[in-house]
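Beneath this line is the structure, given in structure tokens, with notes to follow.
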Amino acid sequence: MNVEELSGLPPGAVSHFRDQGIEELYPPQAEAVEAGATEGDSLVAAVPTASGKTMIAALSMLSAVQRGGKALYIVPLRALASEKKAEFEAYEEFGVTAGVATGNYESTSDWLATKDIVVATSEKVDSLVRNGADWLSDLTCVVSDEVHLIDDRNRGPTLEVTLAKLRKLNPDLQTVALSATVGNADEIADWLDAELVETDWRPIDLRMGVHYGNALNFDDGSTREVPVEGSEKQEAALVRDILQEGGSSLVFVNSRRNAEAAARRLGKVASRELTPEEEDQLAELAEEIRDDSDTETSKDLADCVERGSAFHHAGLSSTQRSIVEDAFRDRLLKVISATPTLAAGVNTPARRVIVRDWRRFDPSAGGMAPLDVLEVHQMMGRAGRPGLDPYGEAVLLAKNHDESQELFDRYVWADPEPVRSKLAAEPALRTHVLATIASGFARTREGLLEFLEATLYASQSSEPGRLERVADDVLDYLERNDFIERSGGASDAGAGDGAFTSAADLAEQNDREEELEATSLGHTVSRLYLDPMSAAEIVHGLESADDRPTALGLYQLVSRTPDMYELYLRSGEDEKFGELYYEREAELLGDAPSEFEEERFEDWLAALKTGKLLEDWAEEDDEERITERYKIGPGDLRGKVDTAEWLLGAAESLAREIDSEWTVAVREARARVEHGVGDELLELVSVGGVGRKRARRLYEAGIEEPADLRNADKGVILNVLKGKKTAENILENAGREDPSMDEVEPASGDAGGTTGDSSAGDEPNANDAETAESADADESQSSLGDF
DNA sequence: CAGCCACTTGTCTAGACAGCATGTC
DNA sequence: CTAGACAAGTGGCTG
């Protein structure tokens with residue numbers, strides 16, 4: 001089918017596609033159009049990665065907009081949201097507007113209401129539903145990308161419930177679900193009342209194979225000699241082999257450490273094939289990476305990048321991740337070794353994909369468990385760059401003939417697993433049942449069960465009554481913690497009034513439906529997007545505090561909620577943090593588990609470790625020191641700080657809600673973690689342009705609050721802040737009447753500025769060691785080193 | 001005696017969404 | 001009940 005034959009699109013859309021070099025639709029796309037994608041019909045497209053799924057979405061959304069509607073595109077990751085938004089923004093050329101809504105992106109609901117296409121993460125959509133964004137009922141088309149993630153234990157239920165809610169909100173909604181090829185696409189289509197388009201067609205050939213010995217055997221029967229020379233590893237031989245043809249490769253491994261070690265080794269292979277220009281550009285990139293963050297991880301990454309290789313995992317900062325991804329797409333980097341982050345993330349195709357590790361540590365399995373077929377296929381699907389490579393190659397590594405055979409059977413010839421709803425897991429239901437009640441989707445127990453009937457879980461359930469049972473447990477839990485109230489139902493029967501209970505009364509009570517209503521606290525929890533269990537923990541912790549909680553107490557409190565990802569204890573650390581615990585026991589909120597409850601006590605200490613990390617950050621320790629001390633990457637640190645900020649913000653709302661007297665303490669702890677400063681700097685840091693480092697330098701020079709910025713000698717300020725432009729900017733933000741720095745010379749400051757007049761001024765460590773304040777910090781560090 | 005290797009032992013394990021109100025060095 | 005890669009340490013061999 002030619003794009004010219006498409007109808008129902010906004011005028012200009014077809015020529016836009018033609019300008020992009022799209023003439024003929026790919027077969028799956030044509031099939032989708034035939035199935036009614038442009039006519040508002042629902043559809044499930046289960047097709048391989050990179051076979052034009054986005055185009056199917058685009059055609060559906062654009063035709064919906066042309067009919068006067070509004071479309072929503074749901075993605076699983078923030079990074080994908082920005083990628084898609086950039087793609088859809090090009091439609092502005094013919095008058096179709098696009099916006100993005102994620103947790104960290106600027107976005108007011110009013111502003112989104114004006115956009116034709118909105119891109120959002122599933123959690124953000126869920127949150128918008130909970131907060132009653134009224135434009136949601138104007139939606140006529142919703143696209144769910146990577147819908148197979150419904151299978152995910154943690155985040156799948158959110159997507160599932162959100163889709164069910166959107167469809168309930170607007171029964172005529174066109175639902176377009178894009179999925180990898182999975183075992184049961186037909187079930188998903190049934191659930192969504194949608195047509196199914198299923199194919200394994202790909203725009204570029206994908207050859208899958210297994211490397212063993214000196215040979216690479218493909219699924220089509222062909223063989224390629226790839227000798228392993230000397231002591232080199234198989235993946236090194238494979239990377240070198242394809243690099244000599246000018247192709248890049250992607251190596252998937254199962255741990256961060258493996259990714260880093262492999263990148264280091266592969267750097268030797270890649271560096272042999274670099275041109276001088278490439279070396280220069282890579283050196284620049286390496287510099288950029290070192291500038292982004294001053295940590296061991298950054299240095300290691302930069303060292304690799306200089307040689308044309310890189311590692312990629314969640315310990316990298318988001319900046320570093322995009323640097324690596326972009327450079328690989330520009331063919332500057334020859335090889336990336338990555339954990340599975342990359343397989344699910346933004347598009348980074350390579351000529352050859354090497355799945356080195358097909359087993360991953362899984363404590364629940366007690367050891368190494370094989371990866372899902374679906375997951376391996378997702379990785380393999382990254383092979384082949386459209387328009388650049390003649391074909392893509394996906395290779396598994398075997399050590400012997402038996403393993404080679406096993407890999408063919410297990411992954412090459414195998415079909416992916418079916419998608420199974422994980423909704424009946426209690427943690428998932430806890431949060432979604434509360435949200436469903438709070439946002440009025442269900443007002444009775446019956447109504448709740450009816451709503452749950454509309455989920456994929458219900459359509460798949462082989463165990464009748466399971467969902468009902470778990471739902472009842474969850475309702476009990478929510479009621480016990482004052483998140484909901486039940487009234488009028490059979491369970492209340494006779495409990496209160498003690499009056500006579502006749503058979504007739506009983507019958508009547510059983511007939512009457514039990515009503516469910518969220519309490520004010522329950523509404524708050526739902527809107528804040530907290531797991532009810534986190535909220536309960538925080539509420540209980542705040543209520544149990546007799547004295548003003550310390551920052552560490554609050555940090556440990558939020559760190560032990562299920563919304564904080566666990567920082568786990570390494571061997572030996574249980575003792576270290578056990579000591580810290582006895583030192584600072586009094587600061588912790590709520591009841592500590594007994595030491596004899598080993599598992600719970602470990603969790604408690606792990607939360608203390610995370611809390612201590614946050615305290616270190618709020619005591620202005622360097623990023624480098626923290627990442628080294630806790631053996632984490634810069635990305636992990638930022639993630640922790642981010643989450644803590646969010647949770648403490650939520651805790652502040654909860655504190656207000658329950659009239660806690662510690663609201664201010666929570667707010668202060670949050671502000672300290674947000675800016676990474678001690679409380680004496682909180683005022684300074686509220687001035688635009690002043691962060692943790694500048695604030696500390698200003699404070700040391702005797703400028704302790706914004707008022708001082710307005711009155712102090714400009715020479716002193718300039719001396720601290722270096723650049724005139726920066727100084728002017730900050731003075732303006734502080735509200736100084738005459739911010740101009742013209743003709744002002746740096747003056748040496750009163751307190752700590754004596755060594756500060758070096759011209760470069762970029763030594764963040766230099767000024768740390770001077771004042772009483774940092775002496776404190778040092779002390780806490782040495783005590784930390786001891787335990 | 002230095003340098004290299006082969007082998008042993010101990011350690012450790014993927015990922016990342018959300019509120020709210022505005023802006024790091 | 002289940003693994004395996006890496007890094008650091010150890011010991012033996014060679015020149």
Side-chain angles (χ1 to χ4, degrees), chain A residues 75-79 81 101-104 106-108 120-128 130-131 149 152-155 158-159 231 233 252-262 264-265 291-294 313-315 318 338-345 356-357 359-363 365-371 375 399 431 524-531 534 563-565 568-572 631 635-636 638-640 642-643 645-654 670 674-676 685-695 697 721-723 726 729-730 733 761-762 764:
Chain A
V75 291
L77 297 171
R78 286 189 223 161
T102 63
N104 59 348
E106 52 169 309
S107 58
T108 65
T121 55
S122 36
E123 283 77 10
K124 185 65 187 187
V125 178
D126 187 15
S127 164
L128 288 165
R130 296 182 186 199
N131 288 285
L149 290 173
D152 185 280
R153 185 159 292 283
N154 301 315
R155 298 178 57 206
T158 304
L159 177 57
S231 63
K233 304 250 179 182
F252 284 105
V253 298
N254 64 3
S255 75
R256 293 180 179 189
R257 198 166 57 149
N258 286 351
E260 294 181 14
R264 214 172 304 131
R265 280 195 310 266
D291 281 351
D292 174 64
S293 132
D294 191 17
H313 58 60
S318 55
T339 55
T341 11
L342 205 58
R356 191 191 79 176
D357 301 334
R359 281 192 271 233
R360 178 169 53 217
F361 181 78
D362 176 4
M368 302 301 271
L371 300 183
E375 213 171 333
K399 279 176 212 58
T431 188
T524 302
V525 172
S526 170
R527 271 186 284 109
L528 287 171
Y529 213 81
L530 277 182
D531 183 330
S534 299
D563 277 309
M564 179 73 92
Y565 208 70
Y568 92 12
L569 293 177
R570 289 156 189 277
S571 66
K631 297 209 166 50
D636 299 301
R638 290 174 206 186
K640 282 281 169 296
D642 216 49
T643 309
E645 210 184 305
W646 167 59
L647 282 171
L648 287 163
E652 191 191 331
S653 303
L654 288 175
R670 190 197 64 80
E674 175 183 354
H675 299 289
V685 103
S686 69
V687 174
V690 181
R692 66 198 303 237
K693 298 198 169 148
R694 286 174 184 169
R697 287 208 295 266
L721 294 175
K722 318 298 177 222
T726 319
N729 194 19
I730 289 174
N733 290 337
D762 272 329

Next on the checklist: Taking dA14(B) as the reference, what is the distance to dA5(C) when you measure between their C1' atoms (whole Å, please)?
Outcome noted: 16 Å

Any base atoms under 4.0 Å from [X], or only sugar-phosphate, or nothing? Heavy atoms, all strands.
X         : value
Val690(A) : sugar-phosphate
Arg153(A) : nothing
Arg265(A) : sugar-phosphate
Gly649(A) : base
Ala365(A) : base
Leu77(A)  : sugar-phosphate
Asp642(A) : nothing
Arg356(A) : sugar-phosphate

Item to check | Any donor-acceptor N/O pair, Asn254(A) side chain to Arg359(A) backbone, under 3.5 Å | outcome: yes

Does [N] have its OP1 or OP2 closer than 4.0 Å to a side-chain nitrogen or oxygen of [X]?
X         : N       : answer
Thr102(A) : dC17(B) : no
Ser122(A) : dC17(B) : no
Lys640(A) : dA16(B) : no
Arg78(A)  : dA18(B) : yes

Rounded distance in Å - [atom1] ([X]) to [atom2] ([N]):
X         : N       : atom1 : atom2 : value
Phe252(A) : dA14(B) : CZ    : C1'   : 12 Å
Arg670(A) : dA21(B) : CZ    : C1'   : 9 Å
Asn254(A) : dC12(B) : CG    : C1'   : 11 Å
Leu128(A) : dC17(B) : CG    : C1'   : 13 Å
Arg155(A) : dC17(B) : CZ    : C1'   : 4 Å
Glu674(A) : dT22(B) : CD    : C1'   : 9 Å
Met368(A) : dC12(B) : CE    : P     : 16 Å
Arg360(A) : dA14(B) : CZ    : C1'   : 6 Å

Starting the side chain at C-beta, find the nucleotide from [options] nearest to [X].
X         : options                   : value
Thr643(A) : dC17(B), dA14(B), dA18(B) : dA18(B)
Asp563(A) : dC17(B), dA18(B), dG19(B) : dA18(B)
Glu645(A) : dG19(B), dA16(B), dC17(B) : dG19(B)

For [X], enumerate each residue passing the side chain to side chain contact (heavy atoms under 4.5 Å, CB included) test, keeping only those at least two apart in sequence or located in another chain.
X         : value
Ser127(A) : Asn131(A), Tyr529(A)
Ala343(A) : Phe252(A), Met379(A)
Asp291(A) : Glu287(A)
Thr726(A) : Arg694(A), Ile730(A)

Please enumerate all residues that pass salt bridge (charged side-chain N to carboxylate O under 4.0 Å, His left out) together with [X], with sequence neighbours excluded.
X         : value
Arg527(A) : none
Asp531(A) : Arg430(A)
Arg356(A) : Glu235(A)
Glu123(A) : Arg155(A)

Checklist entry - Between Thr121(A) and Lys631(A), which has a closest nucleotide on DNA chain B that is more 5'? => result Lys631(A)

Checklist outcome for this item: By nearest-heavy-atom nucleotide on DNA chain B, the more 5' of Asp636(A) and Arg527(A) is Asp636(A)

Checklist entry - Atom CG of Asp152(A) and atom CG of Leu159(A): how far apart are they, to the nearest 0.5 Å? => result 10.0 Å

Compare all side-chain heavy atoms of [X] with those of [Y] and state whether any distance is below 4.5 angstrom.
X         : Y         : result
Arg670(A) : Glu645(A) : yes
Asp357(A) : Leu371(A) : no
Leu647(A) : Leu530(A) : yes

Item to check | Which nucleotides of DNA chain B pair, in dot-bracket form (Watson-Crick or G-U under 3.5 Å, | meaning another strand) | outcome: |||||||||||||............

Next on the checklist: Students should find this one: the first and last nucleotides of DNA chain C, 5' to 3', lying under 4.0 Å from a heavy atom of chain A. What are they?
Outcome noted: dT2(C) to dA7(C)

What's touching nucleotides 7-11 of chain B from the protein side, N or O pairs under 3.5 Å?
none

Item to check | Non-neighbouring partners of His313(A) that pass ring-ring contact (aromatic ring centres under 6.0 Å, His included), sequence neighbours left out | outcome: Phe311(A)

Checklist entry - Under 5.5 Å between ring centres and under 30° between planes: does that hold for Trp646(A) against the base of dG19(B)? => result no

